[in-house]
2 protein chains.
Amino acid sequence: MATAEEGGSGTGTLGKAMDVLETVALADRPMRFTDVLAVSGQPRGTLHRQLSHLVQEGLLELRPDHAYVPGLRLLKLASASWARNEFRAVAAPFLDVLHRETGETVHLGVLRGREIIYLDKVESRQAVRMNSQVGNASPAYCTGVGKAALSVLDSEALEAVLKVTEFRRFTPQTITGRTQLLAELGEIRRSGIAFDREEHEPGIRCVAAPVFDAKRSLVAGVSVTGPAYRVGQTELDDWAPRVRQAAGAIMAELAARLGPQR
Amino acid sequence: MATAEEGGSGTGTLGKAMDVLETVALADRPMRFTDVLAVSGQPRGTLHRQLSHLVQEGLLELRPDHAYVPGLRLLKLASASWARNEFRAVAAPFLDVLHRETGETVHLGVLRGREIIYLDKVESRQAVRMNSQVGNASPAYCTGVGKAALSVLDSEALEAVLKVTEFRRFTPQTITGRTQLLAELGEIRRSGIAFDREEHEPGIRCVAAPVFDAKRSLVAGVSVTGPAYRVGQTELDDWAPRVRQAAGAIMAELAARLGPQR
DNA sequence: AACTCAGTTCCAAATAATGGAATTTATTCG
DNA sequence: CGAATAAATTCCATTATTTGGAACTGAGTT
């Protein structure tokens, strides 16, 4: 039985199907049968049936050229997921305030395992266009929101995340070791503020604060992000109190709105 | 074997799991175990395991108050699906043009069964906010984009859609019968233009044109939408040629970009 | 025309899902 | 507060589905 190979541990058929779906949906180009076969480690017959089922369910699409691409049903499901997310709804007005105060892009992200999933984003100009950022997953250890979120985990939960974190260097500033990350998290715990100084994307800086509920069943963060040419440490320090305040206000509202009845 | 009861026909375990997921994810409020039990028609033990697996996979979340809500993994998957959708990418610049020409909201929607799934939207003012519309599913028979899409189906494909369409009256203008719809589709085929005169939402009018590829493997539509107080038949007629032109341009680009290699 | 490679189908064996009933845990009411 | 009721969860022999090796098909190539 050994240790779990991937997501599909304990969830039987569904887990295996989701592994295949994720492989195809998160690939950066359409995959053909053989491409999937190579990474999935499943026998031909099995994989073929799994892919057929995923296509029949509308989770994948099989193009005439035999390439598998993500299906439209994913969009439909996610749209409902986003539209009725209570946390997002509670936070939205505070994100707007923060955006108005700083004039820069504001993000809301939730911790899911070792990743931050962006739930919302408020930015200034530009034609409205469904933001490629919403729903995006980034590693927690090298983003402002991610580090803020990690800083409020208890040691057990943090350990669980660290165990599955692979430190990859995205920029010269990326944190690349456990020790370095732990030191920084200590600093964040003291100040209540996390910075991302071009650690994930070159030229992008950010200041973030953690948002969480009493039982740490929700661990998230808010951030203000901007391009390095416009945003220096001065600006980040300047915004820090406002970000912390927004985070606090969201938590207060969460406690009031979701606390009582749950 | 009788006729299929729901999505889960022929896809075994996955289909059943997706039925449960969709029930919960598309409900308009959090459902508890018993709520799901009532609609799913599954035995207690079976449903419980299905829900557990969905939770373990991150497709659903189980809140402390025993309510099931859509999980974050859906967002992550859909984000990738949207970001790398070739059709959307091809159409985007033409939607922008259409928006600039009309000043009103522009939609791009794809036909999936009896539904239109909105893939993109361009609108004017308002703080950028992930559009609740993107990923939204609306019935095809009562929306501009939907009727435009239906008008280009061959009789066999159209019949298949009609067979599963339930005519529901959303407004006084909603089309409520097969005959009425067929007559209107005939008109749309002649003119190449579909109107929605407050048929889906009161106070909302729209003009749409079909977009499709040679083999009808992709059937979609573009539309310009506006509030009735600002948009009368005059405006709709005025925009019709531009909408048709945008649709044509998208099809030409599709043929050029996707035709050769597929 | 023979060959190769990608994709698809087949079916006995292995595995996971099923579902009725019992058990535990929450919630309501006196 | 404690009993009564409802909800959620666990159990396990039976049953249905998945599995996976191998054989088959067909498109593209030399």
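All chains are named by letter (A, B, ...) in the order of the sequence lines, taking the proteins before the strands, and each is independently numbered beginning at 1. Values below: all heavy atoms of this structure, side chains included; hydrogens, waters and symmetry mates excluded. Because the structure is a prediction, the values reported are computed rather than measured.
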Results of salt bridge (charged side-chain N to carboxylate O under 4.0 Å, His left out) for E201(B) - residues two or more places apart only: none
Quick one: side-chain contact (heavy atoms from CB on, under 4.5 Å) partners of A220(A), sequence neighbours excluded? F87(A), V110(A), V211(A)
Using atom names, set out every protein N or O paired with an N or O of nucleotides 5-7 of chain C below 3.5 Å, distance rounded to 0.1 Å.
residue: dG7(C); atom: OP1; partner: R32(A); partner atom: NE; Å: 3.0
residue: dG7(C); atom: OP1; partner: R32(A); partner atom: NH2; Å: 3.1
residue: dG7(C); atom: OP2; partner: T34(A); partner atom: N; Å: 2.9
residue: dG7(C); atom: OP2; partner: T34(A); partner atom: OG1; Å: 2.4
residue: dG7(C); atom: N7; partner: R44(A); partner atom: NH2; Å: 3.4

Which whole-number value in Å describes the distance from Q56(A) CD to dT8(C) P? 13 Å
Residues passing the side-chain contact (heavy atoms from CB on, under 4.5 Å) test with R114(B), sequence neighbours excluded, are V161(B), V164(B), T165(B), E166(B)
Set of salt bridge (charged side-chain N to carboxylate O under 4.0 Å, His left out) partners for E156(A), sequence neighbours left out: none
Show the atom names and distances, to 0.1 Å, of all donor-acceptor pairs under 3.5 Å that link a side chain in residues 29-41 of chain B to residues at least two apart or in another chain.
residue: D35(B); atom: OD2; partner: R32(B); partner atom: N; Å: 2.8
residue: S40(B); atom: OG; partner: V36(B); partner atom: O; Å: 3.3
residue: S40(B); atom: OG; partner: Q42(B); partner atom: N; Å: 3.1

Taken in chain and number order and not counting sequence neighbours, the residues that satisfy side-chain contact (heavy atoms from CB on, under 4.5 Å) with F170(A) are P139(A), Y141(A), C142(A), R168(A), T174(A), H200(A)
Rounded to whole Å, please give me the gap between OH in Y68(B) and P in dA8(D). 8 Å
Nearest listed nucleotide, side chain of P43(A), among dG20(D), dA16(C), dT19(D): dG20(D)
Length of the line joining L37(A):CG and dG20(D):P, which is rounded to integer Å: 12 Å
Taking for each residue the nucleotide of DNA chain C bearing the nearest heavy atom, is the 5' side occupied by H53(B) or by S52(A)? S52(A)
Going 5' to 3' through nucleotides 11-16 of chain D and flagging B where a protein heavy-atom sits under 4.0 Å of the base, S where only the sugar-phosphate is that close, and - otherwise, we get ------
Side-chain N,O (T13(A)) to OP1/OP2 (dA17(C)) below 4.0 Å: yes
Separation of dT9(C) atom P from R49(A) atom CZ, nearest Å, is 13 Å
Short side-chain N/O contact to dT18(D) OP1/OP2 from Q42(A), under 4.0 Å: no
Between the two end axes of the helix from dA1(C)-dT30(D) to dG30(C)-dC1(D), each built from 5 base pairs, what angle do you get to the nearest 10°? 40°
Salt bridge (charged side-chain N to carboxylate O under 4.0 Å, His left out) partners for E61(A), two or more places apart: none
Could K76(B) and E115(A) be called an ion pair, given the rule that one side-chain N must be under 4.0 Å from one carboxylate O? yes
Does R189(A) have any salt bridge (charged side-chain N to carboxylate O under 4.0 Å, His left out) partners at least two apart in sequence or in another chain, and if so, which? none
Shortest non-hydrogen contact between A208(A) and V145(A), atoms and distance: CB-N, 3.6 Å
Return the value, rounded to whole Å, for the distance between atom CG of L47(B) and atom P of dA7(D). 14 Å
For A252(A), give me all partners under side-chain contact (heavy atoms from CB on, under 4.5 Å), at least two apart in sequence or on another chain. none
